[in-house]
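Computed from a predicted structure; not experimentally measured.
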Amino acid sequence: MQQKIRFQIEGMTCQACASRIEKVLNKKDFVESAGVNFASEEAQVTFDDSKTSAADIAKIIEKTGYGAKEKTEDALPQPEEAAHVSWRLWLLLAINIPFLIGMAGMIIGRHDWMIPPVWQFVLASVVQLWLAVPFYKSAWASIKGGLANMDVLVTIGTVSIYLYSVYMLFFSPHAAHGMAHVYFEVGVMVIGFVSLGKFLEHRTKKSSLNSLSLLLKLTPTQVNVQRDGEWKQVPIDQVQIGDLIRANHGERIAADGIIESGSGWVDESHLTGESNPEEKKAGGKVLAGALMTEGSVVYRAAQLGSQTLLGDMMNALSEAQGSKAPIARVADKAAAVFVPAVVGIALLTFIATWLIKGDWTVALMHAVAVLVIACPCALGLATPAAIMVGMGKAVKHGIWFKDAAAMEEAAHVDAVVLDKTGTLTEGKPQVAAVYCVPDSGFDEDALYRIATAVEQNAAHPLARAIVSAAQARGLDIPAAQNAQTVVGAGITAEVEGVGLVKAGKLDFAELTLPKFSDGVWDVASIVAVSVDNKPIGAFALADALKADTAEAIGRLKKHNIDVYIMSGDNQGTVEYVAKQLGIAHAFGNMSPRDKAAEVQKLKAVGKTVAMVGDGINDAPALAAANVSFAMKGGADVAEHTASATLMQHSVNQLADALSVSRATLKNIKQNLFFAFFYNILGIPLAALGFLNPVIAGAAMAASSVSVLSNALRLKRVKID
């Protein structure tokens with residue numbers, strides 16, 4: 001049986017490390033697929049659990065030289081520890097200070113500012129023989145694994161410069177006369193700059209990139225719980241399902257639950273993206289992480305931890321951020337051959353410069369500059385860094401993408417297919433008119449009773465409207481048995497004392513309506529009813545457009561996205577709604593199969609299609625679309641099939657999703673351009689001697705931080 005599992009990976013230093021782990025895992029016959037995200041430091045592995053186990057896979061990863069810790073769905077993601085400057089980095093930076101002063105002196109002609117060569121040797125030896133050991137270990141582990149990482153480049157370059165300087169200081173013919181040219185400062189400063197760059201990169205990845213840390217802060221650490229008739233403050237991990245919890249003004253809700261008493265206003269924007277607080281009263285539902293902006297409530301805990309909607313969102317976000325977008329393959333392929341190629345270029349640079357200049361010292365400096373200017377990290381971070389920030393921004397707006405591939409595909413959408421009921425309209429239709437077939441023997445109340453007996457077994461908004469209207473009349477509803485849903489048509493059931501009742505579309509109930517003078521029948525949704533295959537009447541149900549639907553359609557059109565309505569409702573109603581919204585393409589009377597077929601037709605003519613729906617009948621079309629969006633709280637099959645979930649039942653949120661996706665893809669392309677341009681420009685400049693190794697090391701350290709900084713700009717991008 002196929003099983004998917006995630007691991008937190010420790011010890012990766014660049015994209016080549018991630019590529020090596022992927023390569024090792026994907027060679028195993030029991031692994032269907034394995035992907036490693038360098039930015040999130042996470043591996044996602046799909047494997048055959050009849051042939052191996054998660055523990056065995058962790059051991060395989062550990063044999064490649066990295067730590068692997070399994071991430072379970074039952075537990076919430078843990079907050080990242082703040083990145084602190086280690087004593088090793090502090091010492092390394094302190095040793096760099098005299099060399100920095102000396103380098104500054106050389107620039108202005110004060111060579112006496114540089115410390116004596118012997119002291120340079122002592123400090124450089126501390127760095128190369130002790131502080132740089134983590135680079136050597138990583139490089140050796142990488143080489144043993146069959147792929148070379150960034151630390152291989154740093155190690156080759158700095159060790160070469162150190163050994164050269166030692167030779168020149170103690171063994172060269174010039175050493176006795178004090179004329180030896182040494183470059184101890186190069187190795188020290190390259191190690192220093194690269195180490196500082198790694199720290200800044202690690203801190204950014206662990207804090208600024210990931211939105212999980214912000215979500216984790218939404219859960220209170222202490223809560224007021226009723227125990228033995230008294231209110232006591234207890235840690236959140238001691239709360240149990242069924243406990244009564246009190247939340248006052250300014251406090252966070254600790255669990256999903258039902259309000260027992262009290263009232264107030266609650267901000268649930270962390271889940272829905274809706275900034276307006278919602279009023280809560282006894283019997284209402286509260287969600288973990290929500291903020292009490294006014295009032296006080298006592299609620300009973302129903303779901304805790306990872307079982308809450310907040311917990312589900314955090315696990316979903318964690319998994320989505322750890323996934324890889326298809327565009328990342330470009331950087332992955334480059335990173336896989338990057339380090340060996342750079343080593344080859346450095347060797348050619350050394351040989352060519354020596355032959356041309358006749359000075360092997362200059363040749364060595366050029367070669368080392370090539371080694372340290374190259375940066376596979378920038379390539380490896382270009383895509384996942386932007387994806388992590390983009391995912392976090394999407395969640396902030398109440399949009400949950402299942403994976404990075406869905407977000408990338410959403411950026412290309414140029415056609416949107418919308419269901420009508422519950423998507424464009426409020427999904428709360430009301431009975432506007434009733435028709436009873438003459439001489440059928442059933443009056444209006446009887447029609448309501450019979451229809452309600454069947455429709456109370458259905459979840460469709462039209463069914464709920466009929467049931468609510470019958471309840472408002474105070475009618476006695478007969479019992480119904482053997483209810484069966486005919487997808488896209490209606491529902492049937494055996495009603496006690498009546499017979500076989502069908503409720504649904506006109507043709508399903510075999511009803512032909514007469515011509516009405518009341519225009520509501522031309523634009524309303526129709527539910528027809530029959531008894532023993534004989535039509536007895538119908539209901540006309542009107543449903544108002546959502547307040548923000550027109551604005552959302554305008555936003556989609558602004559980006560040249562074609563909009564289509566595809567609904568199972570009658571053609572007249574669908575056309576009426578389309579006319580109100582200025583939508584040119586309106587299709588009514590569509591079965592689930594019809595919707596899916598129409599989506600396939602759009603794809604066949606080159607359209608990238610996004611489908612939005614919330615019902616069982618939308619599932620085939622959701623599956624057929626390039627990227628699909630389901631409304632939270634709709635049918636489970638729709639949410640399971642969709643590529644993303646919209647927490648609000650709003651097309652405006654779809655427009656937000658597409659906007660965030662476009663901004664994220666644009667940011668990825670910027671990052672990839674910078675990463676490739678940096679290396680394409682930097683390596684030749686270093687080879688030609690325009691960059692010394694120190695400047696090259698600083699540039700290499702800054703390159704990955706620059707990519708991360710550009711990705712962070714996504715947080716400030718305006719959604720249009």
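No hydrogens or angles considered: nothing links the side chains of Tyr66 and Glu41 as a donor-acceptor pair under 3.5 Å. With no hydrogens or angles considered, a side-chain donor-acceptor pair links Ser659 and Asp720 at under 3.5 Å. The closest side-chain donor-acceptor pair between Asp56 and Ser53 falls under 3.5 angstrom.
Side-chain contact between Val370 and Val342: present, with at least one pair of heavy atoms (C-beta onward) separated by less than 4.5 Å. Counting heavy atoms from C-beta on, the side chains of Thr46 and Val31 never come closer than 4.5 Å. Residues Ser160 and Leu364 have side chains in contact (heavy-atom distance under 4.5 Å, counting atoms from C-beta outward). Using a 4.5 Å heavy-atom threshold, the side chains of Val707 and Tyr678 count as separate. Contact of the Val717 side chain with the Lys666 side chain is not registered, since no non-hydrogen atoms from C-beta on lie closer than 4.5 Å. Using a 4.5 Å cut-off on side-chain heavy atoms (C-beta onward), Ile9 and Ile61 make contact. Considering only heavy atoms from C-beta on, Glu70 stays 4.5 Å or farther from Gln8 through its side chain. Looking at Ile21 and Val24, their side chains never come closer than 4.5 Å, going by heavy atoms from C-beta outward.
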List the steps and the verdict of side-chain contact (heavy atoms from CB on, under 4.5 Å) for Tyr162 and Thr158. CA-CA 6 Å; Tyr162 175 75; Thr158 58; over 6 Å; no
Decide side chain to side chain donor-acceptor pair (under 3.5 Å) for Gln44 and Glu42; before the verdict, give the C-alpha distance in whole Å, the side-chain angles of both, and the deciding distance to 0.1 Å. CA-CA 7 Å; Gln44 297 191 12; Glu42 181 175 302; 3.2 Å; yes
Could you go through Asn679 and Ile373, starting from their C-alpha distance and side-chain angles, then the distance that decides it, and tell me whether this counts as side-chain contact (heavy atoms from CB on, under 4.5 Å)? CA-CA 8 Å; Asn679 285 293; Ile373 190 67; over 6 Å; no
Might you work through the side-chain contact (heavy atoms from CB on, under 4.5 Å) test for Val368 and Met365, ending with a clear yes or no? CA-CA 5 Å; Val368 171; Met365 295 297 287; 5.8 Å; no
For side-chain contact (heavy atoms from CB on, under 4.5 Å), just list the numbers for Leu672 and Ile327, CA-CA rounded to whole Å, side-chain angles, deciding distance to a tenth of an Å, and then say yes or no. CA-CA 10 Å; Leu672 286 172; Ile327 196 172; 4.1 Å; yes
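Going from atom CG of Leu100 over to atom CZ of Phe193 covers 5.5 Å, rounded to the nearest 0.5 Å. Here CZ of Phe674 is found 4.5 Å from OG of Ser706. Values are rounded to the nearest 0.5 Å. For the atom pair Asn671 CG and Ser704 OG, the distance stands at 11.5 Å (nearest 0.5 Å). With values rounded to the nearest 0.5 angstrom, Asp48 atom CG is found 15.0 Å from Lys28 atom NZ. Here the straight-line distance linking atom CG of Leu665 with atom NE2 of His412 works out to 5.0 Å at 0.5 Å rounding. Rounded to the nearest 0.5 angstrom, Gln3 CD and Asp49 CG are separated by 5.0 Å.
Residues Phe99 and Phe184 place their aromatic rings such that the two centres sit no closer than 6.0 Å.
Minimum interatomic distance between Ala374 and Leu153 (heavy atoms only, all atoms of both residues): CB-CD1, 4.0 Å. Here the closest non-hydrogen pair linking Val36 and Ala43 is CG2-CB, 4.0 Å. In terms of heavy-atom proximity, Thr155 sits nearest to Ala139 at OG1-CB, 3.8 Å. Shown here for Leu310 and Gly289, the closest heavy-atom pair between the two residues is CD2-CA, 4.0 Å. Between Ser661 and Ala410, the shortest heavy-atom distance links the atoms OG-CB, 3.3 Å. Counting all heavy atoms, side chain and backbone alike, Pro98 lies closest to Ile115 at CB-CG2, 4.1 Å.
At most 12 non-hydrogen atoms from other residues, nucleotides or ligands lie less than 6.0 angstrom from CH2 of Trp90. For CZ of Phe690, the number of neighbouring non-hydrogen atoms (other residues, nucleotides, ligands) closer than 6.0 Å is 12 at most.
Side-chain N or O atoms of His366 include none that pairs as donor or acceptor with a backbone N or O of Thr349 at under 3.5 Å. Although no hydrogens or angles enter the test, the distance criterion places a donor-acceptor pair under 3.5 Å between the side chain of Arg20 and the main chain of Thr64. When atom types are taken as modelled, the side chain of Lys393 and the backbone of Lys715 share a donor-acceptor pair closer than 3.5 angstrom. In terms of modelled atom types and a separation under 3.5 Å, the side chain of Ser195 and the main chain of Gly192 share no donor-acceptor contact. Under a 3.5 Å cut-off, the side chain of Ser125 and the backbone N or O of Phe121 do form a donor-acceptor pair. With hydrogens and angles disregarded, no donor-acceptor distance shorter than 3.5 Å links the side chain of Tyr136 to the backbone of Asp151.
Residues satisfying the ring-ring contact (aromatic ring centres under 6.0 Å, His included) test with Trp119, not counting sequence neighbours, are none.
The aromatic rings of Trp354 and Trp360 sit tilted relative to each other, their planes meeting at an angle between 30° and 60°.
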